[in-house]
Amino acid sequence: MSGYNRAMKNGIILLGGNGARMLVAGSPSIVNKHLTYLHGKLVVDYSLGTLQSLGCTNVSVILGGDHFHQVAAYLQDGSRYGMNLNYVFQGAATGISQAVYLCKRFVQDDTHFAVALGDSFFDEPVKFKPIVLEQAQVILCKHKQLNRFGVASISNNSIAHIEEKPKTLYPRMEQYAIAGCYLFNQQFFEFFEKTRPSARSEFEIVDILQQYLDVGALEHTVYDHYWSDVGTHESLQEVQHLLYTKETK
């Protein structure tokens, strides 16, 4: 297997959902959560910036939920980001991997494509390892609340186990959150055809990652800067504080 460096051309960003974790009890959702204000920008500006830093110029935007039109109205054609955007509607919240599968026709002209979750904040640009044709890659991060995320357990510098929101952790391994930024090749779509919905009726991205792991084709990078999701009030405030502190130093 040979590696090579180049920028990603195709990307996918997931911007669906109603932001249930951001709601005040009893209050209706009035805005897509990715359009939440975050230190002079909107959340989506940061997540699109992740794909920008990887060199993506053609980006498929996954929409869903009650306020998808707000996202399209804000992003428009993507020209101010230096991107060409197209929009794909995911009718129901049936999982990350199903959302990616809907974009097959938009990414099949290249060997690899990047995927970013719309509520993942990276303080510094994300960098994958040199691309290997047969491999997928995943970004891993330390986090104090691992049970909120998919978790990769590392042994001898390799991923040994993957689990979605585990209740218990492997004590003799290093544990990392799967941080919502991925690099996939076209085999993703073959693997998706083999998956079935989980107990929560979603097509889980960890099931795809497990298939890559099973054939020895899953590489990882440990991101050693600050990362957080911004899908809760607490995490949003934490990131807001970080950005404010950096600005005022």
What pairs with Ala179 under side-chain contact (heavy atoms from CB on, under 4.5 Å), at least two apart in sequence or on another chain? Phe122, Ile139, Cys141, Trp227
Minimum heavy-atom separation for Ile208 and Ser97, please, with both atom names. CG1-CB, 3.7 Å
Under the side-chain hydrogen bond (donor to acceptor under 3.5 Å, both in side chains) test, residues paired with Gln145 that sit two or more places apart: Arg148
If we only count heavy atoms from C-beta on, is the Gln135 to Asn185 side-chain gap below 4.5 Å? no
Closest non-hydrogen contact found for Ala177 with His143 is CB-CB, 4.2 Å
Under the rule for salt bridge (Lys or Arg N to Asp or Glu O under 4.0 Å), what residues qualify as partners of Asp109, not counting sequence neighbours? Lys9
Residues Leu15 and Gly118: closest non-hydrogen pair is CD2-CA, 3.6 Å
Between Ser235 and Thr232, does any side-chain donor sit less than 3.5 Å from a side-chain acceptor? yes
Return the set of residues passing side-chain hydrogen bond (donor to acceptor under 3.5 Å, both in side chains) with Tyr87 (not counting sequence neighbours), or none when no residue passes. none
Parallel, tilted or perpendicular: rings of Phe189 and Tyr101 (30°, 60°): tilted
For Tyr170, is the OH atom crowded, meaning more than 12 foreign heavy atoms sit under 6.0 Å from it? no
Could you check if a side-chain atom of Ile96 sits within less than 4.5 angstrom of a side-chain atom of Leu14, using non-hydrogen atoms only? yes
Of all pairs that satisfy salt bridge (Lys or Arg N to Asp or Glu O under 4.0 Å), the ones with a partner from residues 181-206, not counting sequence neighbours: Glu164-Arg200, Arg200-Glu202, Arg200-Glu204
Does the plane of the ring in Phe184 sit parallel, tilted or perpendicular to the ring in Tyr182? Use 30° and 60° as the thresholds. parallel
Residues that Gln98 engages under side-chain hydrogen bond (donor to acceptor under 3.5 Å, both in side chains), provided they are two or more places apart: Gln90, Thr94
Taking ring-ring contact (aromatic ring centres under 6.0 Å, His included) as the definition, give me every residue that meets it alongside His241, ordered by chain and number, with sequence neighbours left out. none
Applying side-chain hydrogen bond (donor to acceptor under 3.5 Å, both in side chains), can you list everything that pairs with Lys167, at least two apart in sequence or on another chain? none
Is it true that the side chains of Asn156 and Ser158 contain a donor and an acceptor less than 3.5 Å apart? no
Answer yes or no: are there more than 12 heavy-atom neighbours, outside Asn157 itself, under 6.0 Å from its atom CG? no
When you compare the side chain of Gln175 with that of Leu146, does any pair of heavy atoms fall below 4.5 Å? yes
So, do Cys103 and Phe113 sit near enough that their side-chain heavy atoms are less than 4.5 Å apart? no
Please list, chain by chain and in numerical order, all residues satisfying side-chain contact (heavy atoms from CB on, under 4.5 Å) with Leu242, sequence neighbours excluded. Phe121, Asp123, Tyr226, Lys246
Got Leu169 and Asn147 here, is their nearest side-chain heavy-atom distance under 4.5 Å? no
Any side-chain heavy-atom pair of Thr36 and Leu42 under 4.5 Å: no
Side-chain heavy atoms under 4.5 angstrom apart, residues restricted to Ile, Leu, Val, Met, Phe, Trp, Tyr: same cluster for Ile154 and Val151? no
Of all residues at least two apart in sequence or in a different chain, which pass the salt bridge (Lys or Arg N to Asp or Glu O under 4.0 Å) check with Lys127? none
Below 4.5 Å, heavy atoms only, C-beta onward: do His220 and Val138 meet side chain to side chain? yes
Side-chain heavy atoms of Glu134 within contact of Gln187, under 4.5 Å: no
ring-ring contact (aromatic ring centres under 6.0 Å, His included) partners of Tyr244, counting only residues at least two apart: none
Report the C-alpha separation of Tyr81 and Asp45 in whole Å, then their side-chain angles, then the decisive distance to 0.1 Å, and conclude whether the side-chain contact (heavy atoms from CB on, under 4.5 Å) test is met. CA-CA 9 Å; Tyr81 299 96; Asp45 295 318; 2.5 Å; yes
Answer yes if the side chains of Tyr74 and Gln76 hold a donor-acceptor pair under 3.5 Å, and no otherwise. no
Out of curiosity, does Ile162 fall in the hydrophobic cluster containing Leu140 (side-chain heavy atoms, cut-off under 4.5 Å, transitive links)? yes
Are Asp207 and Gln211 close enough that a side-chain donor and a side-chain acceptor fall under 3.5 Å? no
For residues 54-63, run the donor-acceptor check on the side chains, cut-off 3.5 Å, and write out each pair with its distance to 0.1 Å, sequence neighbours left out.
from: Asn58; atom 1: OD1; to: Asn84; atom 2: ND2; distance (Å): 3.2
from: Ser60; atom 1: OG; to: Asn86; atom 2: OD1; distance (Å): 3.3
from: Ser60; atom 1: OG; to: Asn86; atom 2: ND2; distance (Å): 3.2

Assess Lys142 against Tyr176: is NZ or CZ under 6.0 Å from the centre of the six-membered ring, and within 45 degrees of the ring's axis? yes
Check the angle between the aromatic planes of Tyr212 and Phe191 and answer parallel, tilted or perpendicular using the 30° and 60° thresholds. perpendicular
